Amino acid sequence: MAVFAAFGGAIGALAGSMPTIMRNAAIDSETVGLGLTISTVMTVTAMSLGGQIARFASSRAVLLAVIPVFGVLVFAYLTSQSPTWFYLAIIPMGFAFGLTDVFMNAEASALEHDMRRPVFTAFHGAVSVGVAVMAIASSFISTSIGTWATGLVVMASLAIAWVMVRAAVQPRPLAKGQNARIFALPNKMPLVLLGLAAGIIIAAETAALLWSAKLLDELAPSLAAIAGLGAAFYGLCNAALRFPGDLLRSHIGDMPLMIGSVIVAAAGFAALGLTESFGPSVAAFAAVGLGTALLIPCVFAMAAAFVPANRAGGLAFVSLLTAVPRSTAPVVFGTVAAGFGTGLAFGLVALAMLVALVLIVILSRTGK
């Protein structure tokens, strides 16, 4: 839980500080979009290697190795002072982000199996709380003190998480045999559908988090210090649904929850594309937060459950298939935002979510 919360805090810090980072580094939306695209490629690469890494190192070992590196790179990114500095920080940060993501989720899935009841969305609730708190805090800290102060807060939270992992997380058996080879995994068709849908969903989540402050900054420049409100409301609504989400999963089931959630998220993104007011945009981010709250937790829980002997491998296979939408979305979003406005770019995300809906409906009809 500490790792998930610190991970969310890092994301929230990046989201809330985005306008300040752009001003400090003298970069525009297209530059940010390109940087995010390259970083996303690194993230997907790291996550797709998770199954192979699981043959040689436990989730505990990987987390202990990567968390300190992740903290240093986030600090470097937040304190970027030029386009070169920005690129040198964001690219390796993407790789560390991916390794942290896949192995913390693999451990969370294993804990859910150990406990014999749904608990997976509660871990993601901790991410949402971290996002919500740091999104608004970082926009204030970065504008009033400096992005270096925000970076120190993130590094401190990751340090606490590292200490707790070292003290409380035990190494699990390493993956062996067929389950250790990512392309030899069983039940690949459901994993393929999950991966394609997850790619669109994660790309949409990334857009909501990292561009929310930019949109609100455009709509109301005088409120720059609270531009993180969009990501904050997004994170709060995520958390509000994720903590009781496991109860919903046990009563309703993953598939019905996913279908309803995609519809709500698509409506929220459509509202962002249509409104030009600060208040309604913040409300729309809240709707997006509610709609996306249970999607990735359900996807990851299902992917890991399909391959119980190599949960990191199942997550890695799904992550590999997210590569195209996750990698192309940031540069497309940045280009559209630079040319036509951030609002229109969010409207296009709504259309992409409808594609994800189709994939999830197909998956539900496979009977898997």
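Remember, predicted model here, so these are calculated numbers, not experimental data.
- Leu348 and Leu274 fall into different hydrophobic clusters, defined by Ile, Leu, Val, Met, Phe, Trp and Tyr side-chain heavy atoms under 4.5 Å apart, directly or through other members.
- The two residues Gly9 and Val154 make their nearest non-hydrogen contact at O-CG2, 4.3 Å.
- In this structure a side-chain-to-backbone donor-acceptor pair under 3.5 Å is present from Ser58 to Ala61.
- Without hydrogens or angle criteria, Thr79 side chain to Phe75 main chain gives a donor-acceptor distance under 3.5 Å.
- Closest approach of Pro83 to Ala26, counting heavy atoms only: CG-O, 4.2 Å.
- Side chains of Phe97 and Ile11 form a contact here, defined as non-hydrogen atoms less than 4.5 Å apart.
- The side-chain heavy atoms of Pro190 and Leu363, taken from C-beta on, include a pair separated by under 4.5 Å.
- A donor and an acceptor atom, one from each side chain of Thr121 and Arg242, are nowhere located under 3.5 Å apart.
- Salt-bridge annotation for Arg117 and Glu112: absent, with no side-chain N of the basic residue lying under 4.0 Å from a carboxylate O of the acidic one.
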Check against side chain to side chain contact (heavy atoms under 4.5 Å, CB included), Leu36 and Phe333: CA-CA 10 Å; Leu36 288 173; Phe333 193 102; over 6 Å; no

Show your working on side-chain hydrogen bond (donor to acceptor under 3.5 Å, both in side chains) between Ser142 and Thr150 and close with a plain yes or no. CA-CA 6 Å; Ser142 294; Thr150 300; 2.9 Å; yes

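- Between the side chain of Ser39 and the main chain of Ile90, a donor-acceptor pair closer than 3.5 Å is present.
- Considering only heavy atoms from C-beta on, Glu107 stays 4.5 Å or farther from Phe103 through its side chain.
- Side chains of Met1 and Met104 form no contact here, defined as non-hydrogen atoms less than 4.5 Å apart.
- A heavy-atom distance below 4.5 Å is found between the side chains of Arg172 and Asp114.
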Given Leu357 and Met353, is the side chain to side chain contact (heavy atoms under 4.5 Å, CB included) satisfied, shown in steps? CA-CA 6 Å; Leu357 177 61; Met353 290 298 287; over 6 Å; no

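- A heavy-atom distance below 4.5 Å is found between the side chains of Phe120 and Asn105.
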What's the verdict on side chain to side chain contact (heavy atoms under 4.5 Å, CB included) for Met93 and Val74, showing C-alpha distance, side-chain angles and the deciding distance? CA-CA 7 Å; Met93 185 182 73; Val74 170; 3.8 Å; yes

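- Aromatic ring centroids of Tyr77 and Phe86 lie under 6.0 Å apart.
- The heavy-atom pair separating Ala126 from Phe243 by the smallest distance is N-CZ, 3.7 Å.
- Across Ile259, Leu194, Val299, a single residue satisfies side chain to side chain contact (heavy atoms under 4.5 Å, CB included) together with Ile360, and that is Ile259.
- The closest side-chain heavy-atom distance from Leu321 to Phe317 is below 4.5 Å.
- Screening Asp246, Leu248, Ile252 against Leu294 for a side chain to side chain contact (heavy atoms under 4.5 Å, CB included) leaves a single residue, Leu248.
- Cluster partners of Met164, using a side-chain heavy-atom cutoff of under 4.5 Å among ILVMFWY residues and allowing indirect links, are Ile160.
- Contact record, Ile200 with Ala352: CG2-O, 3.3 Å, taken as the closest heavy-atom pair.
- The aromatic rings of Phe70 and Phe7 are tilted relative to each other, their planes meeting at an angle between 30° and 60°.
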The test is side chain to side chain contact (heavy atoms under 4.5 Å, CB included); show your working for Phe300 and Ser109 and say whether it passes. CA-CA 8 Å; Phe300 280 3; Ser109 174; over 6 Å; no

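- The shortest non-hydrogen separation linking Ala265 to Thr292 is CB-CG2, 3.9 Å.
- Atom CD1 in Ile296 sits 8.5 Å away from atom NE2 in His124 (nearest 0.5 Å).
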